[in-house]
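Okay, so here's the structure we're looking at.
Order of the sequence lines fixes the chain letters, A, B, ..., with proteins taken first and strands second; residue numbering starts at 1 for each chain.
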2 protein chains.
Amino acid sequence: MSLPNDPLDPALAALFRPVRAGNALEETMERMLQAIRLGVVPPGGQLPPERELSSRLGVSRVTLREALRALQESGHVESRRGRYGGTFVRVPSSDPLPAPDRDAIEDTLTLRYALETGAAELAAARSLPPATRRHLRGCLADASAAGIDHYRRTDSRLHLAIAEATATPSLTAALADVRTRLNALLAAIPLIPANLTHSNAQHKTIIDAILDGDATAARAAMAEHLAGTAALLRGFLA
Amino acid sequence: MSLPNDPLDPALAALFRPVRAGNALEETMERMLQAIRLGVVPPGGQLPPERELSSRLGVSRVTLREALRALQESGHVESRRGRYGGTFVRVPSSDPLPAPDRDAIEDTLTLRYALETGAAELAAARSLPPATRRHLRGCLADASAAGIDHYRRTDSRLHLAIAEATATPSLTAALADVRTRLNALLAAIPLIPANLTHSNAQHKTIIDAILDGDATAARAAMAEHLAGTAALLRGFLA
DNA sequence: CTCCAATGGATCGAAGGCGCTCCATTGCTG
DNA sequence: CAGCAATGGAGCGCCTTCGATCCATTGGAG
């Protein structure tokens with residue numbers, strides 16, 4: 001009649017995980033940093049007005065402003081008052097991220113594999129509207145043209161664009177999360193020009209397959225692309 | 001220098017989504033209901049002690065107890081005091097779930113496709129420990145033996161077991177979430193014996209492929225299995 | 001029979017977060 | 001040059017949630 005609660009069924013552990021990601025303030029800061037680090041809001045770019053942001057994040061304006069004030073003091077953003085004022089992203093900001101442990105690395109890489117290969121396949125299987133096709137090509141061009149400074153930001157945007165192409169908000173959100181975790185890992189290893197060239201070629205293969213509507217090829221190309229990054233990370237962080 | 005915030009970049013929407021799932025109390029209730037509905041804690045089974053649960057859920061005991069009291073009044077659980085007391089799951093409880101809209105259906109089914117096919121492939125690609133192999137066979141047998149009353153619970157457990165077999169906590173958690181959303185959809189359509197037989201055959205194919213270590217076959221079998229459910233749902237809820 | 005350990009039950013003060021309202025600044029518009 | 005609109009800045013009272021502590025109940029252990 002009673003369960004063996006000692007080793008605790010892994011299914012239970014999955015369901016009885018923490019309900020809230022902790023402090024609302026910290027979580028808000030984390031989100032804003034995500035947007036900056038992923039390059040979704042580029043350096044110099046303007047964040048949405050506080051009233052809109054707080055509403056989107058489901059957080060009071062008071063809390064949002066506390067988060068923004070902290071980011072201001074840490075030099076990530078800058079606020080200007082008055083009409084046509086706003087909050088702006090300041091620097092490319094190379095913040096040191098905490099080094100994750102081995103289990104967390106495998107967890108991140110495995111979840112990433114499932115989500116990104118799935119997204120690539122699904123994007124290829126859909127009939128993409130012209131605007132989406134343009135966006136994909138644009139992100140690909142940006143990533144190819146990016147020097148070492150902007151590479152990871154444009155790379156993140158390209159991968160996010162693929163997720164968006166599936167028109168599945170949950171999938172995009174999940175992938176944005178895992179991407180943030182991945183960037184935390186990538187921050188700990190050097191960016192080698194040879195890898196960059198290699199990645200660009202793979203990106204082109206992936207996007208071509210998606211635009212061609214070849215789901216199998218898109219999945220395979222993505223899998224190969226991810227394997228490269230995964231091997232690199234395991235090598236540096238093992 | 002400023003962003004086109006009007007239609008709002010979908011990537012921004014993905015990042016600037018709500019920080020907290022709302023009320024801590026409601027979220028806690030939802031989690032407990034998940035555990036009950038997914039059959040992770042079977043009818044008559046005992047929940048972990050309040051102190052442990054509140055700690056796992058990252059919620060104060062006060063809040064957890066409020067949630068439990070609500071579930072008690074709705075007849076889902078029952079509490080007994082004293083040593084060897086505890087909180088126990090009461091009935092199979094057929095609660096009516098709110099009907100989701102069309103976009104939510106596609107969102108759920110698409111995310112599910114990405115996660116479940118990924119999980120099947122990854123589980124097959126791993127070298128599974130004996131205990132995991134046994135667990136998979138056990139869940140398969142339970143689902144096959146289950147009558148119409150217990151089918152969806154055992155089915156949920158089987159799919160969760162596949163996710164657990166990947167040894168990737170994030171993936172298991174994500175899949176548990178999407179499964180809950182799926183069950184909300186399934187609750188709105190009838191369970192047809194013919195589908196049940198068909199599903200059981202597909203389950204066997206999937207598990208066999210996983211135990212054989214045939215990743216490609218596992219993915220394909222899972223994709224076919226999901227297509228059946230998806231078509232059924234689209235048919236009934238379109 | 002007594003004690004004890006494990007569980008649920010209850011209360012209180014402190015902190016976090018929210019909704020609301022009003023203020024301050026700025027630059028375009030007429 | 002005066003007004004206005006859009007933005008950031010700041011304060012107040014309320015509700016939720018938390019952490020800690022103590023109480024109540026129960027059944028086995030000694």
Side-chain angles (χ1 to χ4, degrees), chain A residues 1-6 8 16 18-32 41 44-73 75-90, chain B residues 1-6 8 16 18-32 41 44-73 75-90:
Chain A
M1 195 55 85
S2 77
L3 286 177
N5 274 337
D6 230 12
L8 192 63
F16 293 157
V19 149
R20 15 189 45 176
N23 192 272
L25 170 61
E26 287 167 13
E27 188 63 13
T28 302
M29 284 186 57
E30 204 45 59
R31 281 291 179 76
M32 308 301 301
V41 180
Q46 179 181 8
L47 294 173
E50 293 180 354
R51 288 164 176 84
E52 181 186 338
L53 254 187
S54 69
S55 152
R56 282 187 185 281
L57 292 172
V59 129
S60 80
R61 213 184 132 209
V62 181
T63 302
L64 174 71
R65 297 193 78 259
E66 274 190 72
L68 287 179
R69 198 167 58 84
L71 293 180
Q72 214 166 340
E73 283 168 5
H76 287 94
V77 304
E78 185 179 21
S79 290
R80 291 200 294 274
R81 291 217 273 193
R83 187 163 190 181
Y84 299 88
T87 306
F88 301 84
V89 174
R90 264 175 52 101
Chain B
M1 196 54 87
S2 77
L3 286 177
N5 275 336
D6 230 13
L8 192 64
F16 294 156
V19 149
R20 16 189 44 178
N23 193 271
L25 171 60
E26 286 168 13
E27 187 63 13
T28 302
M29 285 187 56
E30 203 45 59
R31 282 291 178 77
M32 308 301 300
V41 180
Q46 179 180 8
L47 294 174
E50 293 180 354
R51 289 163 177 84
E52 181 186 337
L53 254 187
S54 70
S55 151
R56 281 187 187 281
L57 292 173
V59 129
S60 80
R61 213 184 132 207
V62 182
T63 303
L64 174 71
R65 295 192 81 261
E66 273 189 72
L68 287 178
R69 198 166 58 83
L71 293 180
Q72 215 167 338
E73 284 168 4
H76 287 94
V77 303
E78 186 179 20
S79 289
R80 290 201 294 275
R81 292 218 273 192
R83 187 164 190 182
Y84 300 89
T87 305
F88 302 84
V89 175
R90 264 173 54 102

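- Looking at heavy-atom distances under 4.0 Å, B:Leu68 makes no contact with the nucleic acid at all.
- A:Thr87 has a side-chain polar atom (N or O) that falls below the 4.0 Å cut-off from OP1 or OP2 of D:dG8.
- The distance from atom CD of A:Gln72 to atom P of D:dT7 is 17 Å, rounded to the nearest whole Å.
- Between A:Gln72 and A:Glu78 the shortest side-chain heavy-atom distance does not fall below 4.5 Å.
- Between B:Thr87 and B:Ser79 the shortest heavy-atom distance is OG1-OG, 3.2 Å.
- Side-chain contact between A:Glu52 and B:Phe16 is absent, with no heavy-atom pair separated by less than 4.5 Å.
- Counting distance only, with no hydrogens placed and no angle test, the side-chain atoms of A:Arg61 and the base atoms of D:dG9 include a donor-acceptor pair under 3.5 Å.
- Which of C:dG8, C:dG17, C:dC20 sits closest to the side chain of A:Val62 comes down to C:dC20.
- B:Glu52 has its CD atom 13 Å from the C1' atom of C:dA6, to the nearest Å.
- No option in A:Val59, A:Leu53, A:Asn23 other than A:Val59 meets the side-chain contact (heavy atoms from CB on, under 4.5 Å) test with A:Thr28.
- Atom CG in B:Leu64 sits about 14 Å away from atom P in C:dA10, given to the nearest Å.
- To the nearest angstrom, C1' of C:dC22 lies 13 Å from CZ of A:Arg81.
- Looking at A:Arg51, its side chain comes within 3.5 Å of the base of D:dG8 through a donor and an acceptor atom.
- Both B:Arg69 and B:Tyr84 lie close to DNA chain C; mapped to their nearest nucleotides by heavy-atom distance, the more 5′-ward contact belongs to B:Tyr84.
- Considering only side-chain N and O atoms, B:Asn23 lies nowhere under 4.0 angstrom from the phosphate OP1 or OP2 of D:dC15.
- Residue B:Arg65 contributes atom CZ, which lies 17 Å from atom P of D:dA20 at whole-angstrom precision.
- Stacking of A:Arg80 on the aromatic ring of A:Phe88 is recorded, both the 6.0 Å distance cut-off and the 45° axial limit being met.
- Separating the CZ atom of B:Phe88 from the P atom of C:dT7 is a distance of 10 Å, rounded to the nearest angstrom.
- Checked against D:dG8, C:dG9, C:dT11, the side chain of A:Pro49 finds its nearest nucleotide in D:dG8.
- One finds no side-chain N or O of A:Arg83 lying less than 4.0 angstrom from the OP1 or OP2 phosphate oxygen of D:dC4.
- B:Glu27 places its CD atom 15 Å from the C1' atom of D:dT17, with the value rounded to the nearest Å.
- In this model, the phosphate group of D:dT16 is not approached by any side-chain N or O of B:Thr63 to a distance below 4.0 Å at OP1 or OP2.
- Atom-to-atom, CD of A:Glu50 to P of D:dA10 comes out at 10 Å; the value is rounded to the nearest Å.
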